[in-house]
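Order of the sequence lines sets the chain letters (A, B, ...), proteins ahead of strands, with each chain counted from 1.
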Amino acid sequence: MTTPVLFDVQGPRARARARVGTAIGAVLVLAVIGFVLLRLGGNGQLEPERWAILFDPASGVPQALGRALLRTLQVAVVAMVFATLLGLLLAVGRLSDHRWIRVPVSTVIEFFRAIPLLVVIFALYFVLPKYGVRLSTFTALTGGLVLYNMAVLAEIFRAGILSIDKGQREAGFGLGLRKSQVMTLILLPQATRRMLPVLVAQLVVLLKDTSLGFIISYLELLRQARGLVEFFNFQFGDRYSFQLYAAAGLIYILINVVLSMVARYTERRTNRAGRKAVTAAPADQMGAGAGAP
Amino acid sequence: MQFLIDNFDLFWDAFLTTLSLSLLACLVALVLGTILAAMRVSPIPPLRGLATFYVETFRNTPLTVVFFFMIFGLPQIDFVIDFFPGAVLSVGLYTAAFVCEALRSGINSVSPGQAEAARALGLTFGQSLSQVVLPQAFRTVVPPLGNVLIAMVKNTSIAAGFSVSELSSLLPRLVNASAGDLTAILIGVVVGYMLITLPSALAVHRIERRVAILR
């Protein structure tokens, strides 16, 4: 996939124009950065001493952020495992020959794909207690992520299974394998390989969405930062707020960048081996309820 | 059900907030996304770099974190932004990155001959992009663009965590006020979202059929 070239090789005048444009652009970008730094500096936010708190074990901040990161990853990992397993089950269910399995499974999938993830989490956290089921913030957040992502993953798995050449399936039946054997021995192994990039991309989305825990006060990174800010405000006033927020946000961005790189790596590997990645699946990476209803 | 009817005003207000939030953010995302896509294919390398940086950053940032910086970070450089405009900007800026990617894949799918023909006619970069390539690109990306925008509508729910009284925020707000009918509220909220997403999906489908280019 190469971008069509929309411009000719530039002559001296065009190059000069581009240079001028570049210079003006650079000045503008630098001006914005400078302005932000100036404002921050003016408010005293750049004092090294204020940032030191992030790395000073005596303040308890690195430990707290570390624990928060751990809690974020805990939710992500548990949700990833359950969402993948349930998604696989749902995908197989949706491909079932029996109407009485196919129809309810399809309904479940479409339902959870159609409503915002946050609403699912709210439903678990606020509505279930009215029926006597009280969930912790951890369970509500993980449960919401599982319910939502299993539906999305089910569609990814389904697209993967459907993309396998139908001769494979027929050959399996021709050898006298059962339906379950054809699925587990022939279709799924090949499908898994093909949809791996999309699968990893969706798991990155899941990790991004753990930040929704902030809204129901699960102590993940953002909520932890907010908690620390409130704690420090009590002692020092608004002194360390910006630094703590920036740290929490940057940790989030960093782990996502790393995972995205892993995703791109698996995609390259899958492509290099001459297999085609599944592209039909809903592979957008928007998070928090991506994919059309 | 009675509860829904009694509190119809509340739901209507929340629904309108979600709708206006979605429409405004959609506008921001489409305009900025188009500019970013144009930057990513432009002849000036720094512009390409800048747009790539923007897209990669926003794609790897959870929307909650974008909201967080918008509401709690901006005041640190003396910009205080109200909750609703903050939400519009957060969702819009975030979605713009995805709109840009969708559009860029559309630009890539326009056959190279079109761009070559445009250049052979002596059109400048701006002309060939706006007159030849983008119109065709827009028509091929209707389905993915539609997906992005529908996902965006669902993403507006995050504004509930930042003091915007839109649909999802009804749940935590009414949880104590009404001992009874939380399930009814939940159904109301879900129906509210579907009132926006289902017609949008239908519209996307219609537009897709009308403008699709057969190649």
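- Proximity of A/K208 to B/T64: side-chain heavy atoms (C-beta onward) are nowhere separated by under 4.5 Å.
- Most heavy-atom pairs under 4.5 Å with chain A, from the set B/L129, B/V204, B/L171: that is B/L171.
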Distance-only criterion, 3.5 Å: show the donor-acceptor pairs between side-chain atoms of residues 14-42 of chain A and protein atoms not counting sequence neighbours.
{"unit_1": "A/R15", "atom_1": "NH1", "unit_2": "A/Q10", "atom_2": "O", "d": "3.1"}
{"unit_1": "A/T22", "atom_1": "OG1", "unit_2": "A/A18", "atom_2": "O", "d": "2.7"}
{"unit_1": "A/R39", "atom_1": "NH1", "unit_2": "B/I77", "atom_2": "O", "d": "2.9"}

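- Only the side chain of B/P46 comes within less than 4.5 Å of a heavy atom in chain A; its backbone stays farther off.
- Partners of A/S136 according to the side-chain hydrogen bond (donor to acceptor under 3.5 Å, both in side chains) rule, which considers only residues two or more places apart in sequence or in another chain, are A/T139.
- Neither the backbone nor the side chain of B/E101 comes within contact range of chain A; no heavy atom of the residue lies under 4.5 Å from a heavy atom of that chain.
- Proximity to chain A is limited to the side chain of B/F69, based on heavy atoms less than 4.5 angstrom apart.
- Rounding to the nearest 0.5 Å gives a distance of 6.0 Å between CZ of A/F111 and CE of B/M194.
- For B/Y193, the part lying under 4.5 angstrom from a heavy atom of chain A is the side chain only.
- Here the straight-line distance linking atom CG of A/L118 with atom NZ of B/K154 works out to 12.0 Å at 0.5 Å rounding.
- With chain A as the partner, the residue from B/A118, B/A97, B/P144, B/P172 showing the most heavy-atom pairs under 4.5 Å is B/P172.
- Looking at B/V65, the atoms closer than 4.5 Å to chain A (heavy atoms on both sides) sit in the backbone and in the side chain alike.
- Looking only at heavy-atom pairs under 4.5 Å with chain A, the residue among B/F72, B/F125, B/F58, B/F162 that has the most is B/F72.
- Note on A/F214, A/Y252, A/Y125: by heavy-atom pairs under 4.5 Å with chain B, the leading option is A/F214.
- The line from OG of B/S157 to CG of A/L212 is 7.0 Å long, rounded to the nearest 0.5 Å.
- Residue B/L50 touches chain A through its side chain alone, counting heavy-atom pairs closer than 4.5 Å.
- The shortest distance between side-chain heavy atoms of A/N256 and B/T61 does not fall below 4.5 Å.
- Among the candidates B/P62, B/A160, B/S128, B/G161, the residue making the largest number of heavy-atom pairs closer than 4.5 Å to chain A is B/P62.
- Note on ring orientation: taking the six-membered ring where Trp is involved, the planes of A/Y245 and B/F68 are perpendicular (angle over 60°, cut-offs 30° and 60°).
- Contact annotation for B/S42: only backbone heavy atoms (N, CA, C, O) come within less than 4.5 Å of a heavy atom of chain A.
- Residue B/T197 holds its OG1 atom at 11.5 Å from CZ of A/R113, rounded to the nearest 0.5 Å.
- Side-chain contact check for B/L186 versus A/V119: some heavy-atom pair is nearer than 4.5 Å.
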